[in-house]
2 protein chains.
Amino acid sequence: MAASAQTRIARRSPNAAVVFAALGDPTRLALVARLCDGSRRSIAQLSDGQSLTRQAISKHLRVLESARVVRSERAGRESLFVLNPQPIEDIRNYIELVSSQWDATLSRLKAFVEK
Amino acid sequence: MAASAQTRIARRSPNAAVVFAALGDPTRLALVARLCDGSRRSIAQLSDGQSLTRQAISKHLRVLESARVVRSERAGRESLFVLNPQPIEDIRNYIELVSSQWDATLSRLKAFVEK
DNA sequence: TCAAAATGCAACCGTGAAGTTGCTCTTTGT
DNA sequence: ACAAAGAGCAACTTCACGGTTGCATTTTGA
């Protein structure tokens, strides 16, 4: 069975949607930006300077964690968060798929116009 | 002013968050997959076969449109939707930025271990 | 030992997202 | 001319999200 491009894309979507949704919030996006240097930071660190409550930040981190964008580990009295690049890589591939599909169309269109 | 990587990333986020949020829903992701072949389809076409109501699909399309992931154009009694690759390209670049930041960290880490 | 730090947990609130239903309007095709 | 197709609009319901507050628990460090 040769899957169509659309099917190939659709097969990846259930997980992709979760990751996209996790990134679809400015606060969470800021947290990701803060963590993408590979550092492990505590909730207190991550909520310091922000206008939101520590609990709000904590909730956002849990959302990111349930989408596996981030992993947490308890260390003494604090829990440290670190970025997990895997899901990001996944949606990167997803976007690549959509883009390539689109590019193929453009090429066909161009060829048609020039014919 | 040499902006830090974090700042560089953060500057792009406000718009990125909107696009991510628009893609953060299985139904909308399916619509994008359906449109990424460059075709222009009507609401009736796009809601055909789906389990949701035509109005539900219509709403989702409007969400995608307000995030500029999709453009619409009225043609007679139907409105046709077509993918707009620009925002997709934007978040692609965004992800590229995060990934490169992460990769740089890995390299540093590797260099440190091997030293 | 004990106070402060860091977090977790639970209840609560307001708002908007997602979806449906019902109606109207315009366009199409016969 | 008129029925059917396609879509828009508005009202409504449900429910999850984002956020806060208050309190309990564990850990740390002096």
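Throughout, a chain's letter reflects where its sequence line sits, starting with A, and its residues are numbered from 1.
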Original post:
Nearest-Å distance, CD1 (B:Ile57) to P (D:dA7)?
Top reply: 12 Å
Original post:
In this structure, are over 12 heavy atoms from other groups packed under 6.0 Å from B:Arg68 atom CZ?
Top reply: no
Subject >> Nearest non-hydrogen partners of B:Val98 and A:Cys36, listed with the distance >> reply: CG1-CB, 3.7 Å
Original post:
In whole Å, what is the span from the CG atom of A:Leu61 to the C1' atom of D:dG19?
Top reply: 15 Å
Original post:
Atom CZ of B:Arg40 to atom P of D:dG6: distance rounded to whole Å?
Top reply: 18 Å
Original post:
What's the CZ-P distance between A:Arg62 and D:dG18, to the nearest Å?
Top reply: 15 Å
**OP:** Take B:Val82 and B:Val70, measure what side chain to side chain contact (heavy atoms under 4.5 Å, CB included) needs, and give me the verdict at the end.
**Re:** CA-CA 6 Å; B:Val82 61; B:Val70 127; over 6 Å; no
Subject >> Shortest non-hydrogen contact from B:Ile43 toward B:Arg54 >> reply: CG2-CG, 3.8 Å
Subject >> Minimum-distance pair of heavy atoms, taken over all atoms of B:Leu80 and B:Ser42 >> reply: CD2-N, 3.7 Å
Collect all protein-nucleotide pairs involving nucleotides 12-19 of chain C in which both atoms are nitrogen or oxygen and the distance is under 3.5 Å.
from   : atom 1 : to      : atom 2 : distance (Å)
C:dA18 : OP1    : B:Arg28 : NH1    : 3.4
C:dA18 : OP1    : B:Arg28 : NH2    : 3.4
C:dA18 : OP2    : B:Arg28 : NH1    : 3.3
C:dG19 : OP2    : B:His60 : NE2    : 2.3
C:dG19 : N7     : B:Lys59 : NZ     : 2.8
C:dG19 : O6     : B:Lys59 : NZ     : 2.6

Original post:
Quick one: on DNA chain D, does A:Ala21 or A:Arg54 contact a more 5' nucleotide (nearest heavy atom)?
Top reply: A:Ala21
**OP:** Nearest whole angstrom, please: distance from the P of D:dA5 to the CD of B:Gln45.
**Re:** 15 Å
Original post:
Side chains of B:Leu29 and A:Tyr94: closer than 4.5 Å at any heavy-atom pair?
Top reply: yes
Original post:
Between A:Gln50 and A:Leu46, which heavy-atom pair has the shortest distance, and what is it?
Top reply: CG-O, 3.5 Å
**OP:** Check DNA chain D against residues 69-84 of chain B and give the residues with a non-hydrogen atom under 4.0 Å, in numerical order.
**Re:** B:Arg74, B:Arg77, B:Glu78, B:Ser79
**OP:** Give the rounded distance in Å between these two atoms: CD of B:Gln55 and P of D:dA7.
**Re:** 11 Å
Original post:
Which heavy-atom pair separates A:Phe81 from A:Ser72 by the least distance, and what is that distance?
Top reply: CE2-CB, 3.4 Å
Original post:
Which listed nucleotide (C:dG8, C:dT21, D:dA7) is nearest to the side chain of A:Ser58?
Top reply: C:dG8
**OP:** Following the transitive rule for hydrophobic clusters with a side-chain heavy-atom cut-off under 4.5 Å over Ile, Leu, Val, Met, Phe, Trp and Tyr, establish whether A:Ile91 and A:Val32 coincide in one cluster.
**Re:** yes
